[in-house]
Protein chains: 2
Amino acid sequence: MEQNKIPQATAKRLPLYYRFLNNLNQQGKKRVSSKELSEAVKVDSATIRRDFSYFGALGKKGYGYNVEYLLGFFRSTLDQHEVTEVALIGAGNLGTAFLKYSFLKNNNIRITKAFDADPSKVGTDIDGVPIYHVDELVEQLDGISVAILTVPSSEAEAITEKLVNEGVNGILNFTPARITVPQHVRVHHIDLAVELQSLVYFLKHYPLDKE
Amino acid sequence: MEQNKIPQATAKRLPLYYRFLNNLNQQGKKRVSSKELSEAVKVDSATIRRDFSYFGALGKKGYGYNVEYLLGFFRSTLDQHEVTEVALIGAGNLGTAFLKYSFLKNNNIRITKAFDADPSKVGTDIDGVPIYHVDELVEQLDGISVAILTVPSSEAEAITEKLVNEGVNGILNFTPARITVPQHVRVHHIDLAVELQSLVYFLKHYPLDKE
DNA sequence: AAAAAGTCGTGATGTTATTCACAAATTAAT
DNA sequence: ATTAATTTGTGAATAACATCACGACTTTTT
Ligand SMILES: NC(=O)c1ccc[n+]([C@@H]2O[C@H](COP(=O)([O-])OP(=O)(O)OC[C@H]3O[C@@H](n4cnc5c(N)ncnc54)[C@H](O)[C@@H]3O)[C@@H](O)[C@H]2O)c1
Ligand SMILES: NC(=O)c1ccc[n+]([C@@H]2O[C@H](COP(=O)([O-])OP(=O)(O)OC[C@H]3O[C@@H](n4cnc5c(N)ncnc54)[C@H](O)[C@@H]3O)[C@@H](O)[C@H]2O)c1
């Protein structure tokens with residue numbers, strides 16, 4: 001909403017900065033330079049300064065950045081004051097791993113409902129997250145606008161349509177399927193097989209000792 | 001090795017193209033245009049043609065691409081004729097999900113060994129993949145050059161050092177830790193919390209009905 | 001045989017992201 | 001006080017990537 005001039009590449013790095021600032025703060029560090037931050041998050045220091053500068057002059061020349069101030073700034077920028085509820089569809093191997101992981105530690109994100117088609121899973125819960133039948137999506141999904149998709153790829157398209165109908169406008173898709181969505185819906189793909197394969201490709205085809 | 005002029009962005013899309021070509025081939029399709037492919041993988045058709053063109057003239061004007069030929073071409077480009085062995089470190093929630101997943105279906109990649117520090121896991125196997133103690137890395141890792149890292153983030157740095165010493169030069173890192181490696185080692189980060197958080201950020205801060 | 005439709009490959013252009021490099025400001029040291 | 005050392009914020013340069021748009025060629029239709 002606010003000012004949508006933040007480059008996408010920058011926006012993707014914000015959570016990373018936020019996490020490291022949190023670490024620093026917990027360690028009691030009071031100030032940090034773009035150079036230090038750069039070494040920690042492996043992003044060029046000029047890029048970090050540029051990223052920060054989109055939000056105004058957050059640092060002080062010759063000093064660096066005040067950890068607490070910066071942390072507070074990003075906390076509100078990333079809406080960390082309110083918990084974001086997320087639904088998970090497909091409580092299989094991958095889905096279960098996510099359900100057992102607490103994203104709440106550093107990020108105010110919580111998976112509050114899971115859905116599956118397997119009758120033996122429906123009605124149970126995993127680490128406190130209840131598993132509903134996927135047919136109950138319509139009744140149970142209200143208010144939730146982000147979903148994690150970990151169903152078999154053959155089901156991805158059909159489930160996506162349901163999700164979108166129920167008002168979901170952000171999907172984190174772990175299936176290999178490239179799903180079709182209306183323009184107002186944002187999909188991030190995480191394709192493990194592709195990641196692995198492209199890593200192997202890079203190793204075999206790129207010079208070994210310079211990036 | 002060969003010609004290292006392939007842009008990184010292109011290289012990352014190759015496995016995706018490969019997978020869809022495989023699908024098409026299995027469906028018995030003989031030819032495909034960049035337009036059709038574009039709709040399937042959600043990549044602009046001009047980008048697809050450009051990507052392919054780095055490898056020479058693979059298509060025919062007015063016709064499109066021969067599925068079988070293209071598939072064969074990418075199979076060898078992606079070294080799909082030989083199986084790539086991969087090790088997994090940390091057979092916890094996430095690691096177990098990966099061990100149960102067969103990457104072999106479409107990609108000639110196989111996790112052949114897993115390592116963990118938990119004595120109750122060592123000596124067992126998951127879906128046929130044996131779990132060794134992490135202290136056995138040195139003896140057991142020979143020949144393997146790619147590793148998947150799914151240990152607690154506090155362990156990431158120490159394990160990475162061991163892996164690198166043993167000759168691993170590709171790491172798929174699922175921990176939130178930003179690990180330090182020598183120049184010749186390639187790390188791909190998959191940071192689930194960051195993905196989720198940046199997705200939420202985009203939804204809240206970007207115009208809703210145009211990309 | 002001719003016309004129409006389809007499609008590639010790519011030069012040109014547009015867009016987004018990264019990095020350099022330095023003046024201006026601040027802090028730290030002498 | 002003065003000088004030296006830091007470090008930001010940013011204009012300008014560079015690099016990487018995506019897209020447009022069209023000539024050239026092929027296939028299909030009439
Ligand atoms: N596990 C991995 O390491 C891995 C790696 C790469 C990709 N993936 C992809 O992630 C997805 C999930 O993988 P997984 O290993 O967890 O598979 P899985 O089979 O263990 O889990 C799928 C779950 O979805 C449920 N399901 C099936 N149809 C459903 C429906 N219509 N509605 C709701 N739930 C339904 C199943 O009951 C099951 O619990 C797959 O698309 C897979 O290709 C997984
Ligand atoms: N599960 C998720 O959804 C999720 C999400 C985001 C990030 N992550 C990250 O992925 C990593 C793994 O997550 P998880 O949920 O599978 O955790 P987990 O605790 O279930 O698994 C970690 C495994 O590593 C093993 N281990 C501990 N120390 C080890 C060592 N020194 N050498 C070898 N193995 C060792 C443990 O015995 C355990 O089996 C963590 O870094 C976590 O932050 C997980």
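Lettering of chains follows the sequences in order, A, B, ..., and the numbering in each one begins at 1.
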Can you see which heavy atom on [X] is nearest to which on [Y], and at what distance?
X	Y	answer
B/Phe98	B/Ile111	O-CD1, 3.9 Å
A/Ala11	B/Tyr206	CB-OH, 4.1 Å
B/Ile179	B/Ile171	CD1-CG2, 4.2 Å

Exercise. In the 5'-to-3' direction, what one-character label does each nucleotide of nucleotides 21-30 of chain D receive under the scheme B = base within less than 4.0 Å of a protein heavy atom, S = sugar-phosphate only, - = no such atom?
Worked result: B-BBBBSS--

Could you give the [atom1]-to-[atom2] distance, from [X] to [N], as a whole number of Å?
X	N	atom1	atom2	value
B/Arg50	D/dT19	CZ	C1'	9 Å
B/Lys12	D/dA18	NZ	P	11 Å
A/Asp51	D/dG9	CG	C1'	13 Å
A/Ile48	D/dT8	CD1	P	9 Å
A/Tyr69	D/dT8	OH	P	15 Å
A/Leu37	D/dT8	CG	C1'	13 Å

For a quick test of your reading: what N or O donor-acceptor pairs under 3.5 Å do the side chains of residues 145-158 of chain A make, sequence neighbours left out?
from, atom 1, to, atom 2, distance (Å)
A/Thr150, OG1, A/Ile89, O, 3.1
A/Thr150, OG1, A/Gly90, O, 2.6
A/Glu157, OE2, A/Thr180, N, 3.2

Exercise. Relative to A/Tyr63, does A/Arg31 satisfy both conditions: NZ or CZ under 6.0 angstrom from the six-membered ring centre, and within 45 degrees of the ring's axis?
Worked result: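 Yes; both conditions hold, so A/Arg31 lies above the ring face of A/Tyr63.
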
Measure the shortest side-chain to side-chain distance between [X] and [Y] over non-hydrogen atoms and say whether it is less than 4.5 angstrom.
X	Y	answer
A/Tyr17	A/Thr10	no
B/Arg110	B/Glu85	no
A/Leu196	B/His188	no

So which protein N/O to nucleotides 13-15 of chain D N/O distances come out below 3.5 Å?
none

Tell me what [X] touches on the nucleic acid: a base, only sugar-phosphate, or nothing, going by heavy atoms under 4.0 Å.
X	result
A/Ser34	sugar-phosphate
B/Tyr65	sugar-phosphate
A/Ser45	nothing

Problem set entry | side-chain hydrogen bond (donor to acceptor under 3.5 Å, both in side chains) partners of B/Thr175, counting only residues at least two apart |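 Checked B/Thr175 against side-chain hydrogen bond (donor to acceptor under 3.5 Å, both in side chains); matches are B/Asn173.
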
For this session: Could you list the residues that satisfy side-chain hydrogen bond (donor to acceptor under 3.5 Å, both in side chains) with B/Lys29, not counting sequence neighbours?
Result: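 side-chain hydrogen bond (donor to acceptor under 3.5 Å, both in side chains) check on B/Lys29 returns B/Glu36.
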
Problem set entry | Check: B/Phe74 ring centre within less than 6.0 Å of B/Tyr18 ring centre |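 Ring centroids of B/Phe74 and B/Tyr18 are no less than 6.0 Å from each other.
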
Exercise. Which nucleotide of DNA chain C is the first, and which the last, in the 5' to 3' direction, to come under 4.0 Å of a heavy atom belonging to chain B?
Worked result: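 Range of nucleotides within reach of chain B: C/dG6 to C/dA12.
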
